[in-house]
Amino acid sequence: HKTIYLSIKLAKKHCKLFFTPQSLTKCVILLWYEFKTEEKKMRINSTSKKAIAILMAILTLFSIAVMGVSAMAQEINYDDPKYAVWGENAGERRDNMLNNQFLKEAVDNKNFSAASKYLKILLDKCPAASQNIYTNGAKLYKNLINAADTDEAKKVYIDSLMYLYDVRLQAFATHKKYGKDYILNRKAREFYSYYPDDREGIRKIFKEAVEASNEMKGKYDLELISIYFAELCTDYQNDEIGAEELISAYDAYSPAFDG
């Protein structure tokens, strides 16, 4: 009984509430590593109760996974209209929902090659299915940007990140919480971070973000206005813009600070 209890405990230690081929593989590898580590401690012709328990945990994990996947497959009716955003038919919806989960796991596990493939599939087949596609896609490109070993590669990934925001805007512009204002706010800040020397681009994207905040929420985002106006002042001092543009922005947005 103690052996069975330990096997279940180890399975829970490495097991998540959901199962996919990647998470299952990861769990099995971790358990097998513990088994081999314990096995090395065994003396010849001796038996390690813990080693046996770990091996049983592997079998327990497989059993739980099979039951979990089977139950999940039976419970989800992919023909239900609420899943229509994931694809044109039940098979495509199932595949894309799995691809969305695989994307998250690939990003979390830093398997960026696999993540890029899943992201492309999701953007091609169901760009309006979930905000998580873009959350994980942004994580993917930021990691690739940080890991880029050439300026050319880095620029490609930055451009891909900006494109991701554009696709997200097309799909979720009207979303109440994470709509146009949120998306352009995030894009403006990322653009500023990665392209600090593109002064015209910074002015353009921040103005769009400021206007979107008022359009979606009925009031201007004061923090965005402050950043935008500070950049305008910098550009005016460096002769990038004239006084007319600076004064025009001040007249348009300063009333927002009057309370």
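Predicted, not measured: the structure shown is a model, and the values here were computed from it.
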Peer 1: Would you say D235's side chain and E240's backbone share a donor-acceptor pair under 3.5 angstrom?
Peer 2: no

Peer 1: Does a side-chain heavy-atom distance below 4.5 Å link R168 with Q131?
Peer 2: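 Answer yes - side chains close enough.
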
Peer 1: By the definition side-chain contact (heavy atoms from CB on, under 4.5 Å), identify the one residue from Q101, K104, E105 that meets it with N136.
Peer 2: K104

Peer 1: Compare every heavy atom of R93 with every heavy atom of Y83, then report the nearest pair and how far apart it is.
Peer 2: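 Residues Y83 and R93, closest heavy atoms: O-CD, 3.2 Å.
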
Peer 1: Could you grab the distance from atom OG of S248 to atom CG of L232, nearest 0.5 Å is fine?
Peer 2: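 Reported value, rounded in 0.5 Å steps: 9.5 Å.
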
Peer 1: Identify, with sequence neighbours excluded, every residue that meets side chain to side chain donor-acceptor pair (under 3.5 Å) alongside K139.
Peer 2: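 K139: no side chain to side chain donor-acceptor pair (under 3.5 Å) contacts found.
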
Peer 1: Could you measure the distance from the CG atom of L246 to the CG atom of D251? Nearest 0.5 Å is fine.
Peer 2: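 Answer rounded to 0.5 Å: 9.5 Å.
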
Peer 1: Going by side chain to side chain donor-acceptor pair (under 3.5 Å), name the residues that satisfy it together with E231, two or more places apart in sequence or in a different chain.
Peer 2: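 With neighbours one apart ignored, the set is Y192, R199.
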
Peer 1: Would you say L144 ends up clustered with I121 if hydrophobic residues are merged whenever their side chains have heavy atoms under 4.5 Å apart, either directly or through other cluster members?
Peer 2: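 Looking at the clustering, L144 is in a separate group from I121.
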
Peer 1: Determine whether R189 and I227 satisfy the following criterion, side chain to side chain contact (heavy atoms under 4.5 Å, CB included), listing intermediate values before the conclusion.
Peer 2: CA-CA 10 Å; R189 293 171 188 270; I227 297 172; 3.9 Å; yes

Peer 1: Report yes or no: does N109 contribute a side-chain atom to a donor-acceptor pair with the main-chain N or O of N111 at less than 3.5 Å?
Peer 2: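 It does not hold such a pair.
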
Peer 1: In the single-linkage hydrophobic clustering (I, L, V, M, F, W, Y; side-chain heavy atoms under 4.5 Å), do I247 and F257 co-cluster?
Peer 2: no

Peer 1: Using every non-hydrogen atom in the two residues, find where C126 and V85 come nearest and quote the distance to one decimal.
Peer 2: CB-O, 3.3 Å

Peer 1: Could you tabulate the donor-acceptor pairs under 3.5 Å formed by side-chain atoms of residues 211-218, not counting sequence neighbours?
Peer 2:
residue, atom, partner, partner atom, Å
E211, OE2, Y253, OH, 2.5
S213, OG, V210, O, 2.5
S213, OG, D221, N, 3.1
N214, OD1, K219, N, 3.3
E215, OE1, K180, NZ, 3.0
K217, NZ, D181, OD2, 2.6

Peer 1: What distance separates Y195 OH from M162 CE, expressed to the nearest 0.5 Å?
Peer 2: 7.5 Å

Peer 1: Nearest 0.5 Å, what's the CG-NZ distance between N99 and K125?
Peer 2: 7.5 Å

Peer 1: Should Y163 and Y134 be regarded as members of a common hydrophobic cluster, given that ILVMFWY residues are connected when their side-chain heavy atoms come within less than 4.5 Å of each other, either directly or indirectly?
Peer 2: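 As far as the 4.5 Å side-chain criterion goes, Y134 and Y163 are connected within one cluster.
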
Peer 1: Got E208 and K187 here, is their nearest side-chain heavy-atom distance under 4.5 Å?
Peer 2: no

Peer 1: Do you know which two heavy atoms are closest between I202 and P196, and how far apart they sit?
Peer 2: CD1-O, 3.6 Å

Peer 1: Which distance, rounded to the nearest 0.5 Å, do you find between the CZ of F229 and the OH of Y236?
Peer 2: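 Between F229 CZ and Y236 OH, I get 11.0 Å after rounding to 0.5 Å.
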
Peer 1: Got Y182 and K177 here, is their nearest side-chain heavy-atom distance under 4.5 Å?
Peer 2: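 No; the side chains remain at least 4.5 Å from each other.
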
Peer 1: Going by heavy atoms in the side chains, are P127 and I133 under 4.5 Å from each other?
Peer 2: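 The answer is no; the side chains never approach within 4.5 Å.
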
Peer 1: Hey, what do you get for NZ (K120) to CG (L122), rounding to the nearest 0.5 Å?
Peer 2: 11.0 Å

Peer 1: Students often mix this up, so state it plainly: with edges at 30° and 60°, are the rings of F102 and Y118 parallel, tilted or perpendicular?
Peer 2: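 If you compare the ring of F102 with that of Y118, the planes turn out tilted.
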
Peer 1: For the pair D159 and K155, find out whether any cationic side-chain nitrogen is under 4.0 Å from an anionic carboxylate oxygen.
Peer 2: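 Judged by the 4.0 Å cut-off on N to carboxylate O distance, D159 and K155 do form a salt bridge.
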
Peer 1: For a side chain to side chain contact (heavy atoms under 4.5 Å, CB included) check, start with the C-alpha distance between R203 and I241, then their side-chain angles and the critical distance, and finish with the verdict.
Peer 2: CA-CA 10 Å; R203 293 194 300 273; I241 62 172; 3.4 Å; yes

Peer 1: A256 and I225: which non-hydrogen atoms are nearest, and at how many Å?
Peer 2: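 Heavy atoms of A256 and I225 come nearest at CB-CD1, 4.0 Å.
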
Peer 1: What's the shortest heavy-atom distance between P255 and Y250, and which atoms?
Peer 2: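 Of all heavy-atom pairs spanning P255 and Y250, the closest is CD-O, 4.2 Å.
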
Peer 1: If Ile, Leu, Val, Met, Phe, Trp and Tyr residues are connected whenever their side-chain heavy atoms lie under 4.5 Å apart, and connections chain through other members, are L98 and Y78 in the same group?
Peer 2: yes

Peer 1: Which atoms form the tightest heavy-atom contact between D79 and A90, and what is the distance?
Peer 2: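 Result for this residue pair: OD1-CB, 3.4 Å.
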
Peer 1: Strictly below 4.0 Å, N to O, side chains only: are K204 and E200 in salt-bridge contact?
Peer 2: no

